[in-house]
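Some notes on the structure that comes next.
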There are 2 protein chains.
Amino acid sequence: MTDVPPTEPPFHRAKWPFYWIARVTGRYFQTMETALEPIGIDVPSYRVLMTLYEDHHVSVSAIADACVIKLSTATRIVQRMTADGLVVTRPSPRDRRVTEVSLTAKGETLRHQVKAIAESVLAQAFEGVSDAEREALNSLLAGVFGRLKG
Amino acid sequence: MTDVPPTEPPFHRAKWPFYWIARVTGRYFQTMETALEPIGIDVPSYRVLMTLYEDHHVSVSAIADACVIKLSTATRIVQRMTADGLVVTRPSPRDRRVTEVSLTAKGETLRHQVKAIAESVLAQAFEGVSDAEREALNSLLAGVFGRLKG
DNA sequence: TCACATTACGTGAAAATTCACGTAAATAAG
DNA sequence: CTTATTTACGTGAATTTTCACGTAATGTGA
């Protein structure tokens, strides 16, 4: 047995999945910011609009959870969107601590435009990627998300 | 041919790759923030420390590019790290517009601790994921990154 | 019922990020 | 060489996010 020299083990970011995940997220939001500029929507509002796509009344904390942001940040984004006339809020009849957020007519209209923009960005980013690969990606990431401790 | 009702096409975030990518990134940084708290490093500093792992002298703009953040943000993070004694800066001898960032002894020490923490988080998050799957993920994401317009 | 903990949210203050702009150095054009 | 033009960075001001804390409503246990 010979001594190995005390060199550091090799390290390459490019082999590090979280490097690419963070990178793609950063560039994606940057791309969306540019693509959404013509219709005057910023990225936080876009994320909330998409969250409101599936359910009509969503609580502020559900929005915070879906977007992985702090509750107080979600409160502020909803306040801005309310000022812009995109959403309205009301206390939940079931639990009056809860603030339910829903789209206005203006918000409905923008939601569709925003979705179309997001779909074109997605199509370009995943050009040449098969449906099977996409699904594998989704389930792999869902698994990783589940194993990450909050 | 019969008319279809004017219902909206179904939409599910869970089928949307960027939903999971953004989600994993958010939770990853949240997890790292908690894991790094004992050694007093925040996520932006962690990202810069890892960027300095491969090369000893890195420009502020290269840091901004690697972390997908604005140049002025990178400037400010480096200023904070300098104040904390983790890095030092100097004008590049080749191009004096460039500010080269490098680790101090203190930064060197923390870099290794930080890497160990990041590796344990990675190991947990990718438990049960094969090397082949990880590499496929990396190359898929690298491709997506390349196709996203800045 | 009564005390106590928890949850959901809002808000002032602090911190981080970004924008807009300016400077200095390097490069390109003439 | 001279004059744009571009690039890299820093900085004050504005915006956004987050923290720390408070309040009100709900849940829980004795």
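Lettering follows sequence order; numbering is per chain, from 1. A quick note: this is a predicted structure, and the numbers were derived from the prediction, not measured.
- Distance Arg94(B) CZ to dA26(C) P: 13 Å, rounded to the nearest Å.
- Rounded to whole Å, the distance from CD on Glu33(B) to P on dC19(D) is 6 Å.
- At a cut-off of 3.5 angstrom, counting only N and O atoms as typed in the model, there is no donor on one side facing an acceptor on the other between the side-chain of Arg76(A) and the base of dT16(D).
- The phosphate of dA8(C) has neither OP1 nor OP2 within less than 4.0 Å of any side-chain N or O from Thr75(A).
- Going from atom CZ of Arg96(A) over to atom P of dA25(D) covers 7 Å, rounded to whole Å.
- In this structure Gln113(A) satisfies the side-chain hydrogen bond (donor to acceptor under 3.5 Å, both in side chains) test with no other residue, sequence neighbours excluded.
- Here dT16(D) presents its P atom at 7 Å from CG of Asp42(A), a figure rounded to the nearest Å.
- Note: CD (Glu100(B)) to C1' (dC9(D)) measures 14 Å, nearest angstrom.
- Distance Gln79(B) CD to dT18(C) P: 14 Å, rounded to the nearest Å.
- If you look at Phe18(A) and Phe126(B), their ring centroids are closer than 6.0 Å.
- Along DNA chain C, the nucleotide nearest Val68(B) and the nucleotide nearest Ser59(A) are compared for position; the residue whose nucleotide lies closer to the 5' end is Ser59(A).
- Residue Thr89(B) is the one, among Ala74(A) and Thr89(B), whose nearest nucleotide of DNA chain D lies closer to the 5' end (criterion: closest heavy atom).
- Spacing between atom CG of Leu71(A) and atom C1' of dT6(C) amounts to 14 Å, rounded to whole angstrom units.
- For Arg80(A) against dT16(D), no side-chain N or O and base N or O form a donor-acceptor pair under 3.5 Å.
- Using a 4.0 Å heavy-atom cutoff across all strands shown, Thr73(B) reaches at least one base atom of the nucleic acid.
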Yes or no on side chain to side chain contact (heavy atoms under 4.5 Å, CB included) for Val68(B) and Gln30(A), after CA distance, side-chain angles and deciding distance? CA-CA 9 Å; Val68(B) 199; Gln30(A) 190 178 302; 3.6 Å; yes
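- Between the CD1 atom of Ile69(A) and the P atom of dA8(C) there is a distance of 15 Å, given to the nearest Å.
- Between Lys70(B) and Arg97(B), the residue whose closest nucleotide on DNA chain C is further toward the 5' end is Lys70(B).
- With a 6.0 Å cutoff to the six-membered ring centre and a 45° limit on the axis angle, Arg111(B) counts as a cation-pi contact of Tyr53(B).
- Judged by distance alone, the side chains of Asp42(B) and Ser45(B) do bring a donor and an acceptor atom under 3.5 Å apart.
- Counting any heavy atom pair closer than 4.0 Å across all strands shown, Ser72(B) reaches a base atom.
- Residue contacts shown for Ser61(B) are limited to sugar-phosphate atoms, with no base heavy atom under 4.0 Å away.
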